[in-house]
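Comments concern the structure below.
Only heavy atoms go into these numbers, but all of them, side chains included; no hydrogens, no water, no symmetry mates. Lettering of chains follows the sequences in order, A, B, ..., and the numbering in each one begins at 1.
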2 protein chains.
Amino acid sequence: MAAPSTTLNRVIPFQVGVEIVVFSIDITADNLQVLLGETGCGRWQLPGAEIQAAESLEQAADRVLRQTLRVDNLYLEQLYTFGGPGRDSRETPYQRYLAVSYVALVRLQTTTLLQEHRTVTWHPVQALPPLVGDHRQIVAYGYRRLRNKLEYSPVAFDILPEEFTLNELYQVYTLVLGPQFSDYSNFRTRLLKLGFLVDTGHKICRGAGRPATLYRFDREAFQPYQNQPLVFV
Amino acid sequence: MAAPSTTLNRVIPFQVGVEIVVFSIDITADNLQVLLGETGCGRWQLPGAEIQAAESLEQAADRVLRQTLRVDNLYLEQLYTFGGPGRDSRETPYQRYLAVSYVALVRLQTTTLLQEHRTVTWHPVQALPPLVGDHRQIVAYGYRRLRNKLEYSPVAFDILPEEFTLNELYQVYTLVLGPQFSDYSNFRTRLLKLGFLVDTGHKICRGAGRPATLYRFDREAFQPYQNQPLVFV
DNA sequence: ACAAAAGTGTTTTTTATACACCCATGC
DNA sequence: GCATGGGTGTATAAAAAACACTTTTGT
C-alpha cells in the first residue's frame, strides 16, 4: 500500500477543462447539426475551456456555451470524462489534462452565433469535417446519449417553447431518431393518452392547412413517468 | 475573451481521484450490497484513490478495486464526475479536488475481501450507514445506473460464469430490479426467444428438483440487439 | 374546388401478463 | 410418493404498427 513513490505511481496534478457537444435542431430545414470551432490547421474542435477557480463543472460548460451562443432554452447534461495519459498534446511528465464532456441540445431558431476570435459554425452530424484528437469519438458518444435521452426523458420540452404543436414535437423526435421511429398518427395518439400534454385552447396557423392546437407540457402530470423507461418512442 | 486574470477566473490545478460504487450480488442469500471503507470517525466512504502518473482513469478504478477485492468476472463503467468547488475538505484557493466515479458489479461468491489498513466491508443497499460528503448521493446514482444498464445491456453475463442456468440469470435480475419486474416463466420464454442464449447440453443438479440446463451467452447472436433499447426486462 | 396541414378511427399484429400444468430428481 | 426446483403451454389483455379517412384552413 505505502509503496515507494516512483515516476509511475506518483500522483500528479491535472489541468481540467470542459468540452461540449452542442447539437442544434432545425425543425423547418430538417437538419441536425453540431457546433465546431476551427483550429487553424484544417481541423475542427469542440467548444471548450479550462475550469476557473470558483466555478462548478456545469457552470463552466454553461459559460463556454454562452460565450459562443446566445440561446434561450437548452438542455445540458454531463456526458463522459476523458483523462487517459497521452490524450492531450500539451501533456508533460508533471502535468496531465482531463476533459469533462457535456452534451447540449438547442433549437437553431432560438440561437444566435456570437462570432469571437475563432470561427465557430454549425456542421451537419452526417458530414463532419476532420476533428482533432478524440473529438469525433466524443461527438459519436454524445449523439448516442442524445438519442437515448430523448426516448426516455422529457428533454424535448426543454428546448421547445412554452406552447408548441404536436407536429413540432414530432419533428424534434424524427430529426434525432430518424423518421422511421414512429408514424405521426400513432405518436400523437400515444402521447396524448399519457396525459401530460395539456391543450391550451390556443390555435396557430402555418400557411395553408387546418390550424394546429398548441399544447403545454405539464411537469406535474409527468411525475408518475419520471423513473419509468420508454415513455416516448 | 482575454479578460484580466482575477482570483475568480484564473485556472487552477486539480487533484483527480476515482471513487467506486461496487455492488455485489449474493444470489443464494438474496442480497445486494455495497462496498464501504471505515473512515474512523463513525462515517463510511467509497473505495477510492488518486490517479497515478501513468494510468488511465479506468485503470485507476480497476487498481482500487483489486487492492480491496480479489475478483474474477466483473462489470465496470464510468458513472459521473463530481468536481464542484467545496466538495472536498482538503480544498484550498490554489487546489481543487475532482472525483471521477465508477460503478462496478460483482458476484459475492467469486470475490474475496483483501483486508488492508482500513476496514472495508459489504453493506446492504437498503440499510447504508452514514457516509462522508456526497458519497450517499453517488451510491444512489450508481444504483440507478446499475438498474438501467441491467435492463438494456448484457451486463449480467459479465458477472455470471461461462455456463449458467436460467434461474441464476433470473436471480441477478430480481435482485437488482426487484421481484416484481417479471414472472420467471415469462422471463424465460422471452429470453430464449431472443436467441442469444445457447443450450450447452450440460445439466446441473442443485439438491432436490429437476436438473437445470446450463446456457451460454452468444455475443455474436446478441449483436443485432446491441444498440436497441429494452432487450430484457 | 382543391391542396395542404391537422387530427381521428379502424384493423392487424405483436408483445406483455397471469396463470395452470407437466417433468425430473432427491429423500 | 411427494416435495422441490425446472420447464412448457395457454388464454387474455394491452400495446405497437400500418394505414385509411375526416376536418379545417388558405388560395
Side-chain angles (χ1 to χ4, degrees), chain A residues 27-30 150-152 160-161 163-175 177-216 224-225 228-233, chain B residues 27-30 150-152 160-161 163-175 177-216 224-225 228-233:
Chain A
I27 293 183
T28 51
D30 217 62
L150 202 68
E151 290 186 276
Y152 305 134
L160 284 173
E163 300 193 352
F164 51 86
T165 70
L166 279 174
N167 223 305
E168 289 169 332
L169 183 62
Y170 181 66
Q171 295 299 329
V172 173
Y173 279 85
T174 29
L175 247 165
L177 302 174
Q180 72 290 354
F181 93 97
S182 172
D183 149 304
Y184 173 61
S185 111
N186 291 329
F187 173 83
R188 205 176 155 39
T189 317
R190 203 170 342 103
L191 250 74
L192 287 177
K193 201 166 73 179
L194 291 169
F196 49 73
L197 294 184
V198 297
D199 187 333
T200 60
H202 305 159
K203 302 274 177 191
I204 194 164
C205 288
R206 302 234 189 278
R210 180 171 169 177
T213 307
L214 284 167
Y215 289 87
R216 193 171 50 72
Y225 302 99
Q228 255 175 252
L230 267 207
V231 177
F232 313 97
V233 171
Chain B
I27 293 183
T28 52
D30 218 62
L150 203 68
E151 289 187 277
Y152 306 135
L160 284 174
E163 301 193 350
F164 51 86
T165 71
L166 279 174
N167 223 304
E168 289 169 332
L169 183 61
Y170 181 65
Q171 295 300 328
V172 173
Y173 279 84
T174 31
L175 247 165
L177 303 174
Q180 72 290 352
F181 94 97
S182 172
D183 150 304
Y184 173 62
S185 110
N186 292 329
F187 172 82
R188 202 174 159 41
T189 318
R190 205 172 337 105
L191 250 75
L192 286 178
K193 202 167 72 179
L194 291 169
F196 49 73
L197 295 184
V198 298
D199 188 333
T200 60
H202 305 160
K203 303 274 177 191
I204 194 165
C205 286
R206 301 232 189 280
R210 180 173 172 176
T213 307
L214 285 167
Y215 290 87
R216 194 171 49 73
Y225 302 99
Q228 254 175 251
L230 267 207
V231 177
F232 313 97
V233 172

Which atom pairs, one a donor and one an acceptor, fall under 3.5 Å between side chains of residues 202-210 of chain B and the rest of the protein, sequence neighbours left out?
residue: B:H202; atom: ND1; partner: B:E163; partner atom: OE1; Å: 2.8
residue: B:H202; atom: ND1; partner: B:E163; partner atom: OE2; Å: 3.2
residue: B:K203; atom: NZ; partner: B:T213; partner atom: OG1; Å: 3.0
residue: B:R206; atom: NH2; partner: B:E168; partner atom: OE2; Å: 2.4

Indicate yes or no: at least one non-hydrogen side-chain atom of B:T165 is less than 4.5 angstrom from one of B:Y170.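 Sidechains of B:Y170 and B:T165: no contact.
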Side chains of A:Y215 and A:T200, heavy atoms from C-beta outward: is any pair under 4.5 Å?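 No - every pair of side-chain heavy atoms lies 4.5 Å or more apart.
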Just jot down the side-chain hydrogen bond (donor to acceptor under 3.5 Å, both in side chains) partners of B:N167, sequence neighbours excluded, or say none.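 Expected list: B:Q171.
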Could you work out, with side-chain hydrogen bond (donor to acceptor under 3.5 Å, both in side chains) as the rule, every residue matching A:D30, not counting sequence neighbours? none
Atom-to-atom span, [atom1] of [X] to [atom2] of [N] - whole angstrom:
X	N	atom1	atom2	result
B:F187	D:dG7	CZ	C1'	14 Å
B:R188	D:dG6	CZ	P	9 Å
A:L191	C:dG7	CG	P	13 Å
B:I27	D:dG5	CD1	P	15 Å
B:K193	D:dT10	NZ	C1'	14 Å
B:L194	C:dT14	CG	P	16 Å
B:N167	D:dT8	CG	P	13 Å
A:Y184	C:dA5	OH	P	12 Å

According to the interplanar angle, ranging from 0 to 90°, do the rings of B:Y173 and B:F187 count as parallel (below 30°), tilted (30 to 60°) or perpendicular (above 60°)? tilted
Let me know, please, whether A:T189 or A:P211 comes out on the 5' side of the other along DNA chain C by nearest nucleotide.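 Residue closer to the 5' terminus by nearest nucleotide: A:P211.
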Quick one: ring-ring contact (aromatic ring centres under 6.0 Å, His included) partners of B:F164, sequence neighbours excluded?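 Listed in chain order: B:F157.
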Does a side-chain N or O from A:T213 land closer than 4.0 Å to OP1 or OP2 of C:dG7, or not?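 For C:dG7, OP1 or OP2 has a side-chain N or O of A:T213 closer than 4.0 Å.
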With respect to the phosphate group of D:dA15, does any side-chain polar atom (N or O) of A:R190 fall under 4.0 Å of OP1 or OP2? no
Under a 4.0 Å heavy-atom cut-off, which of residues 201-209 of chain A touch DNA chain C? A:A208, A:G209
Below 3.5 Å is the cut-off: list the nitrogen or oxygen pairs between protein and nucleotides 19-22 of chain D, distance only.
residue: D:dC19; atom: N4; partner: A:S185; partner atom: OG; Å: 2.4

Roughly how far apart are A:L214 CG and A:L197 CG, rounded to 0.5 Å?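 If I round to the nearest 0.5 Å, the distance is 12.0 Å.
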List the atom of A:D183, the atom of A:N186, and the distance in Å for their closest heavy-atom pair.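 Between these two residues, the closest heavy atoms are OD1-N, 2.9 Å.
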